[in-house]
Amino acid sequence: MGKVVLVTGVARRLGGRFVRRIQREPDVERVIGVDAVPPEHHLGGADFVRADIRHPTIGKLLAEYGAHTVVHMDINGTPLGARGNRTSVKETNVIGTMQLLGACQKAPSVQRLVVKSSTNVYGSAPRDPAVFSETTPPKSLPSGGFAKDTVEVEGYVRGFARRRPDVAVCVLRFANILGPCADSPLAEYFALPVLPTVIGYDPRLQFVHEKDAIEVLRIAASEPRRSTLNSGTFNIAGDGVLLLSQAARRLGRPTLPLLLPTLRWARTALRSLGITDFSPEQIRLLTHGRVVATNQMRETLGFEPEHTTAGALADYAHSRGPGLLPPETLARTIDRLAALLPAGAQT
């Protein structure tokens with residue numbers, strides 16, 4: 001008899017893609033997708049159950065379907081369409097996780113738990129280490145927003161792991177997810193025609209391709225392969241690091257350096273216009289950046305991303321089309337100008 005996998009947060013595109021992918025696993029008999037709103041995308045042969053994980057009904061679902069594996073993907077930084085405001089998102093992240101873990105604790109059928117977390121747990125501060133490992137404590141804990149949510153969520157997950165040592169628990173701390181279908185706050189920021197930046201800062205950034213995110217979730221939800229262990233906490237990011245200025249040039253987006261107070265004002269203006277929302281944690285990321293080590297991802301989890309940080313950005317850029325300053329056009333213009341200058345002036 002194959003195992004039953006229950007996945008939360010399937011109304012978002014990443015959750016929907018994972019549901020379709022996990023159904024192809026030979027040892028999976030049934031997949032149950034759970035969300036508070038019906039998904040606009042197809043879930044393949046999975047069963048969709050409309051349920052809010054903030055409510056105790058999630059316990060009845062686990063008991064009814066006898067879920068063997070729970071993949072908790074309903075941890076997000078922004079609302080889904082008209083789903084609600086920041087308050088409702090925080091309630092889903094924190095209270096929803098508490099309800100889900102309480103239900104898992106009482107469900108004897110649950111043998112594996114996978115939680116989609118974020119490298120936001122490390123925060124972004126001026127005195128941060130150059131590279132965060134899974135055991136590196138942040139210099140200062142996040143004081144609010146999605147980053148604080150993830151810190152609280154991971155605390156509840158650690159408590160659950162102590163209470164149910166028989167359950168294999170895997171926490172995946174994803175760097176910023178990019179790709180043609182990415183709907184993250186950073187993807188919205190990179191879609192702006194002009195990128196506001198903090199004057200005097202050029203942060204280091206890491207990305208993970210959405211296809212790699214799906215694959216590592218699949219590995220975490222499966223039985224560990226030989227010489228690997230998919231229980232524990234793992235940083236997930238593509239190889240390499242890009243400066244924000246490099247990312248802007250590759251996207252063809254001009255930057256607009258602003259003083260930090262002015263950028264905060266721009267954030268309020270863009271949010272009121274419904275264009276995008278710069279959360280305070282995103283502004284800190286665009287100021288100080290963040291880089292994580294991925295040794296454990298390779299050596300213990302046994303996962304090797306197919307796409308690098310630069311590759312994830314390139315695929316995202318290709319899907320969005322050229323910006324106001326396409327790199328190829330800019331290079332041709334510079335070459336033409338250089339050809340018009342006297343030889344001595346070029347040196």
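As a basis for the values below, the full set of heavy atoms in this structure was taken, side chains included, without hydrogen atoms, waters or symmetry mates. Position 1 is the first residue of the sequence, and the numbers go up from there.
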Report task. With sequence neighbours excluded, tell me which residues meet salt bridge (Lys or Arg N to Asp or Glu O under 4.0 Å) with Glu304. Result -> Arg298
Report task. Decide side-chain contact (heavy atoms from CB on, under 4.5 Å) for Val208 and Leu178; before the verdict, give the C-alpha distance in whole Å, the side-chain angles of both, and the deciding distance to 0.1 Å. Result -> CA-CA 6 Å; Val208 55; Leu178 283 183; over 6 Å; no
Query raised in the report: Would you say Arg250 and Leu313 make side-chain contact, with heavy atoms under 4.5 Å?
Result: yes
Query raised in the report: Is a side-chain donor or acceptor of Asp52 paired with a backbone partner of Arg54 at a separation under 3.5 angstrom?
Result: yes
Query - Derivation and outcome, side-chain hydrogen bond (donor to acceptor under 3.5 Å, both in side chains), residues Thr233 and Glu134 - result: CA-CA 7 Å; Thr233 300; Glu134 287 84 352; over 6 Å; no
Query raised in the report: Considering only heavy atoms from C-beta outward, does the side chain of Arg284 approach that of Pro203 to under 4.5 Å?
Result: no
Requested in this report: Check Glu223 against Lys3 and note the closest heavy-atom contact, atom names and distance.
Outcome: N-NZ, 4.3 Å
Query raised in the report: Below 4.0 angstrom, N of the basic side chain to O of the carboxylate: do Glu281 and Lys148 qualify?
Result: no
Requested in this report: Would you tell me whether Gln105 and Arg164 have side-chain atoms, one donor and one acceptor, within less than 3.5 Å of each other?
Outcome: no
Query - Donor-acceptor pair between Ser124 and Arg290 side chains, under 3.5 angstrom - result: yes
Query raised in the report: Within the distance-only criterion (no hydrogens, no angle test), does the side chain of Arg50 pair as donor or acceptor with the backbone N or O of Asp35 below 3.5 angstrom?
Result: no
Query raised in the report: Is there side-chain contact between Thr300 and Phe234, with at least one heavy-atom pair below 4.5 Å?
Result: yes
Requested in this report: Examine the side chains of Tyr122 and Asn235 and answer whether a donor and an acceptor come within less than 3.5 Å of each other.
Outcome: yes
Query raised in the report: Any side-chain heavy-atom pair from Val169 and Arg158 closer than 4.5 angstrom?
Result: no
Query raised in the report: Would a 4.5 Å heavy-atom cut-off, applied to side chains only, mark Thr97 and Thr92 as touching?
Result: no
Query raised in the report: If two hydrophobic side chains count as joined below 4.5 Å and joins carry through other members, does Val194 share a cluster with Leu258?
Result: yes
Query raised in the report: Taking side chain as C-beta onward, heavy atoms only, is Leu285 less than 4.5 Å from Asn176?
Result: yes
Requested in this report: Indicate yes or no: at least one non-hydrogen side-chain atom of Ile219 is less than 4.5 angstrom from one of Leu301.
Outcome: yes
Query - Identified side chain to side chain contact (heavy atoms under 4.5 Å, CB included) partner of Pro257 from the options Asp202, Thr262, Ile199 - result: Ile199
Query - Heavy-atom check, side chain of Val70 versus side chain of Leu62, under 4.5 Å - result: yes
Requested in this report: Could you tell me whether Arg30 and Asp47 have a side-chain N and a carboxylate O separated by less than 4.0 Å?
Outcome: yes
Query raised in the report: In this structure, are over 12 heavy atoms from other groups packed under 6.0 Å from Tyr201 atom OH?
Result: no
**Report entry** Nearest atoms (heavy-atom pairs only) where Arg17 meets Lys211
**Finding:** NH2-CG, 3.6 Å
**Report entry** Asn230 versus Arg112, side-chain donor and acceptor atoms under 3.5 Å
**Finding:** yes
Report summary line: Residues at least two apart in sequence or cross-chain that pass side-chain hydrogen bond (donor to acceptor under 3.5 Å, both in side chains) with Arg20, listed by chain then number, are none
Report task. Please check if any side-chain donor atom of Asp315 sits under 3.5 Å from a side-chain acceptor atom of His209, or the reverse. Result -> yes
Query raised in the report: If we ignore angles and hydrogens, is there a donor and acceptor under 3.5 Å between the side chains of Thr309 and Gln206?
Result: no
